[in-house]
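A short worksheet on the structure shown next.
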There are 2 protein chains.
Amino acid sequence: MKYIDKLRNSGLRPTKQRLQICKVLFDTKKTFHFTINDLAKKIKKQINDNISLATIYNTIHAFEKKGYLKQIPINSNETYFDTNISDHHHFYDLKEERLIDLENSDVGPINIKKKINGKKIKSVEVLVKLED
Amino acid sequence: MKYIDKLRNSGLRPTKQRLQICKVLFDTKKTFHFTINDLAKKIKKQINDNISLATIYNTIHAFEKKGYLKQIPINSNETYFDTNISDHHHFYDLKEERLIDLENSDVGPINIKKKINGKKIKSVEVLVKLED
DNA sequence: CACTTATTTAGAATCATTATAAAGTATTCC
DNA sequence: GGAATACTTTATAATGATTCTAAATAAGTG
């Protein structure tokens, strides 16, 4: 029922589909990275039920807007999301096309000295590209 | 003739189209960010000649592979490129969907403490998202 | 339960990017 | 210079992720 409350509290109706997606995304101790395509496969495997692709897109975007997911800035034809919404960074292994978490403690503090008038910093994200 | 040599030296034939694209990209003191669509418009305006979109894609990818351009990691439906290939970072103004350079001196040194076995760091890129 | 509003859905539409394959151009070697 | 070869360009088609549409369904409210 924790997901029912979570959804209700953010103004999202707790539908069967959203609850199933919550389960796949958040019913695990480990956080993970995924694309919509990854997620669709995972859903198909874990729940014995079909959720329309459009619904997966809608839900992921709603969750991202509510702050339950983060997009990872990376150049790829697919959009990557992260269930780890804490302030942290990523390695990207160019050869294996794989994202690896960098804990905040793995990166020294980042000091942005420049200011832009009337703008606030919303996030600071570091992408470290790896090669062999 | 500098572009002819530049291209030849990297194993690319100096074709008319590539030279024209070089002119648009590199014949200016200022570096800039662009998408393929931006660039196509710029080419149309600056040279009175048509270059096929396929050629623009081919050329930009060739230039990126040779290190004359960098892709900017950002979530957008279009790929952003940068003629500034030096080690530097970006602000991204979410509202105006605009990229702004952060000189290396605007960002304190970034210390990546974690190591991945057998992998070398190729680049470290910081994206600072701005909101109002 | 009736009513309003949000959500789901299949399929179509969109749009950036990549593939194709034929015509054109640069390079090489004589 | 003039083949022969290899690389490029090009228009167009294909691909593939994402978004749109509009009808059907489900949730919230009184």
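So that the names make sense, note that chain A is the first sequence line, chain B the second, and so on, each numbered from 1. Because only heavy atoms are used, hydrogens play no part in the values below, and waters and symmetry mates are left out as well, while side chains stay in.
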Identify, with sequence neighbours excluded, every residue that meets side-chain hydrogen bond (donor to acceptor under 3.5 Å, both in side chains) alongside A:Tyr3.
-> A:Asp27

Base, sugar-phosphate alone, or nothing: which one does A:Thr35 contact when heavy atoms must sit under 4.0 Å apart?
-> nothing

Please set out all donor-acceptor pairs under 3.5 angstrom arising from side-chain atoms of residues 40-54 of chain B, sequence neighbours excluded.
residue	atom	partner	partner atom	Å
B:Asp49	OD2	B:Lys16	NZ	3.4
B:Asp49	OD2	B:Gln20	NE2	3.3
B:Ser52	OG	B:Ala54	N	3.1

By nearest nucleotide on DNA chain C, pick out whichever of B:Leu53 and A:Ala54 is the more 5' one.
-> A:Ala54

Figure out the [atom1]/[atom2] separation between [X] and [N], and round it to whole Å.
X       : N      : atom1 : atom2 : answer
A:Glu78 : C:dT17 : CD    : C1'   : 14 Å
A:His61 : C:dT7  : NE2   : C1'   : 16 Å
B:Arg18 : C:dT25 : CZ    : P     : 15 Å
A:Gln20 : C:dT7  : CD    : P     : 16 Å
B:Asn58 : C:dT20 : CG    : C1'   : 12 Å
A:Leu7  : C:dT7  : CG    : P     : 10 Å
A:Ile21 : C:dT8  : CD1   : P     : 8 Å
B:Leu39 : C:dT17 : CG    : C1'   : 15 Å

Within one Ile-Leu-Val-Met-Phe-Trp-Tyr cluster: B:Ile74 and B:Phe32, side-chain cutoff 4.5 Å = no

[X] with [Y]: basic N within carboxylate O range, under 4.0 Å:
X        : Y        : result
B:Glu96  : A:Lys119 : yes
A:Asp132 : A:Lys95  : yes
B:Glu125 : A:Lys129 : yes

Chain A contact limits on DNA chain D, taken 5' to 3' with a cut-off of 4.0 angstrom to heavy atoms | D:dA17 to D:dG28

OP1 or OP2 of C:dT9 under 4.0 Å from side-chain N/O of A:Thr55 = yes

Do the side-chain N or O atoms of B:Tyr57 get closer than 4.0 angstrom to the phosphate oxygens (OP1, OP2) of C:dT17?
-> yes

Is the B:His90 ring parallel, tilted or perpendicular to the B:His88 ring (thresholds 30°, 60°)?
-> perpendicular

